[in-house]
2 protein chains.
Amino acid sequence: MQFSSKLAIATHILLVIAEFSDKEKITSEFISSSTNVNPVIIRNMLLKLQDAKIIQTKAGVGGSELTKPLNKITMRDIFYAVEEDKDLFKFHANPNEDCPVGRNIHKLLDKRFDNAKEVMFDELSKITLDQLKIELDKLIKK
Amino acid sequence: MQFSSKLAIATHILLVIAEFSDKEKITSEFISSSTNVNPVIIRNMLLKLQDAKIIQTKAGVGGSELTKPLNKITMRDIFYAVEEDKDLFKFHANPNEDCPVGRNIHKLLDKRFDNAKEVMFDELSKITLDQLKIELDKLIKK
DNA sequence: TTTAGTTGTAATGATAAATATTACAACAGA
DNA sequence: TCTGTTGTAATATTTATCATTACAACTAAA
């Protein structure tokens with residue numbers, strides 16, 4: 001009853017790239033050791049982040065870099081890069097069409113669920129990688 | 001990567017009670033046939049709705065009724081009655097504490113995830129059973 | 001006080017989703 | 001050509017969700 005860890009992992013990945021890609025080659029192995037997530041999972045996420053044009057990865061030689069300025073990447077972008085755009089809440093599969101409630105439950109709830117989802121993603125869209133990196137750098141310096 | 005169907009089912013249950021409890025005895029079997037969800041699952045949800053003082057159920061003889069006026073029951077209340085209060089987004093389990101990013105990823109994201117969750121539940125708190133029943137009755141009359 | 005129908009509850013099973021693992025071909029540069 | 005890496009498939013493991021079976025406890029009515 002909650003979202004997967006993909007958003008947290010993808011954000012972690014991008015912060016590692018933002019923080020270290022000028023000094024080191026950021027391989028899936030490197031990211032795997034920072035996140036403790038299997039390197040194949042990381043590679044699949046790197047592919048999705050590439051599809052979303054958030055990073056580019058050098059095949060063969062290896063290493064990933066950001067393709068956009070940090071303030072142009074929001075957590076909403078990251079979410080949609082790595083997760084599918086499903087509805088926020090699931091429904092029971094076969095409500096009884098012969099019952100007035102069963103027949104109308106989707107009509108009643110669909111738009112309201114969508115709305116709840118929308119305000120949540122609006123919040124996520126206000127968070128940029130930029131803000132996260134500034135806060136991270138403060139935490140590191142202490 | 002989404003919420004379970006518990007909220008939709010629980011809302012369905014309460015609407016069935018609101019709509020029919022004056023005319024018929026609302027048993028778990030009755031609700032099961034309207035939702036097409038297993039009666040034991042329904043009974044467990046009825047228990048949680050009882051704990052939350054949203055309904056009362058007659059043991060032995062059977063039948064459930066609402067204990068509050070419809071405009072005092074929000075979808076936020078229903079959610080918390082039947083779902084656990086987990087975080088909205090999961091995290092990867094063991095980020096590397098020796099990496100500056102791994103060490104700080106929770107500090108960076110926890111409050112932001114909580115905030116996104118909060119605005120979503122604020123939206124759910126604006127939806128009352130009352131509103132749903134009025135809309136449902138309109139749909140039924142057509 | 002027995003009967004019938006229902007709830008409360010445990011235990012187990014089935015299904016689906018998330019994550020991990022193994023394996024290897026394709027690639028790029030040294 | 002060698003080395004390290006990515007891209008990708010296939011499979012396995014783990015976890016969560018939902019369904020099912022079973023039955024004791026309860027309540028009212030016969």
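Each chain gets a letter, A, B and so on, in the order its sequence line appears, and its residues count up from 1. Everything quoted here is computed from the prediction, not taken from an experiment. In what follows, every heavy atom counts, from backbone to side chain, and hydrogens, waters and symmetry copies are set aside.
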Among [options], the nucleotide that comes nearest once only the side chain of [X] is considered:
X: A:Arg43; options: D:dC18, D:dT6, C:dT9; value: D:dT6
X: A:Val37; options: C:dG29, D:dT5, C:dA20; value: C:dA20
X: A:Val40; options: C:dT19, C:dT22, C:dA10; value: C:dT22
X: B:Val61; options: D:dT20, D:dA28, C:dT19; value: D:dA28

In whole angstrom, what separates [X]'s [atom1] from [N]'s [atom2]?
X: A:Ile41; N: C:dA18; atom1: CD1; atom2: C1'; value: 8 Å
X: B:Lys48; N: D:dC18; atom1: NZ; atom2: P; value: 11 Å
X: B:Met45; N: C:dT7; atom1: CE; atom2: C1'; value: 16 Å
X: B:Ile42; N: D:dT20; atom1: CD1; atom2: P; value: 12 Å
X: B:Glu29; N: C:dG5; atom1: CD; atom2: P; value: 12 Å
X: A:Phe3; N: C:dA18; atom1: CZ; atom2: C1'; value: 14 Å
X: A:Gln56; N: D:dG7; atom1: CD; atom2: P; value: 12 Å
X: A:Leu7; N: C:dA18; atom1: CG; atom2: P; value: 14 Å

Relative to the ring of A:Phe3, is the ring of B:Phe89 parallel (under 30°), tilted (30 to 60°) or perpendicular (over 60°)?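 Ring orientation of B:Phe89 relative to A:Phe3: parallel.
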Classify the angle between the aromatic ring planes of B:His106 and B:Phe91 as parallel (below 30°), tilted (30 to 60°) or perpendicular (above 60°).
->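 Parallel, since the angle between the ring planes stays under 30°.
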- Query: In terms of the nearest nucleotide of DNA chain C, which residue is placed more toward the 5' end: B:Asn44 or B:Phe91?
  - Reply: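 Of the two residues, B:Asn44 wins.
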Give a yes/no answer on whether the side chain of [X] brings an N or O atom under 4.0 Å of OP1 or OP2 in [N].
X: A:Ser4; N: C:dT19; value: yes
X: B:Ser28; N: C:dT7; value: yes
X: A:Asn38; N: C:dT21; value: yes
X: A:Gln50; N: D:dT6; value: no
X: B:Thr27; N: C:dG5; value: no

Exercise. Tell me, yes or no, whether the heavy-atom count around A:Lys138 atom NZ, taken from other residues, nucleotides or ligands under 6.0 Å, exceeds 12.
Key: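 Count not over threshold, so no.
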Q. What is the nucleic acid contact for B:Gly60, judged by heavy atoms within less than 4.0 Å: base, sugar-phosphate only, or nothing?
A.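 Result for B:Gly60 = base.
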Taking any heavy-atom pair under 4.0 Å as a contact, classify B:Leu47: base, sugar-phosphate, or nothing.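 Sugar-phosphate contact only.
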Within the structure provided, determine whether B:Thr74 and B:Leu124 are in side-chain contact (heavy-atom separation under 4.5 Å).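 Side chain of B:Thr74 against side chain of B:Leu124, heavy atoms only: no contact under 4.5 Å found.
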Heavy atoms only: give me the nearest A:His12-B:Gly102 pair and the separation to one decimal.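 Nearest pair, atom of A:His12 first, then B:Gly102: CE1-CA, 3.6 Å.
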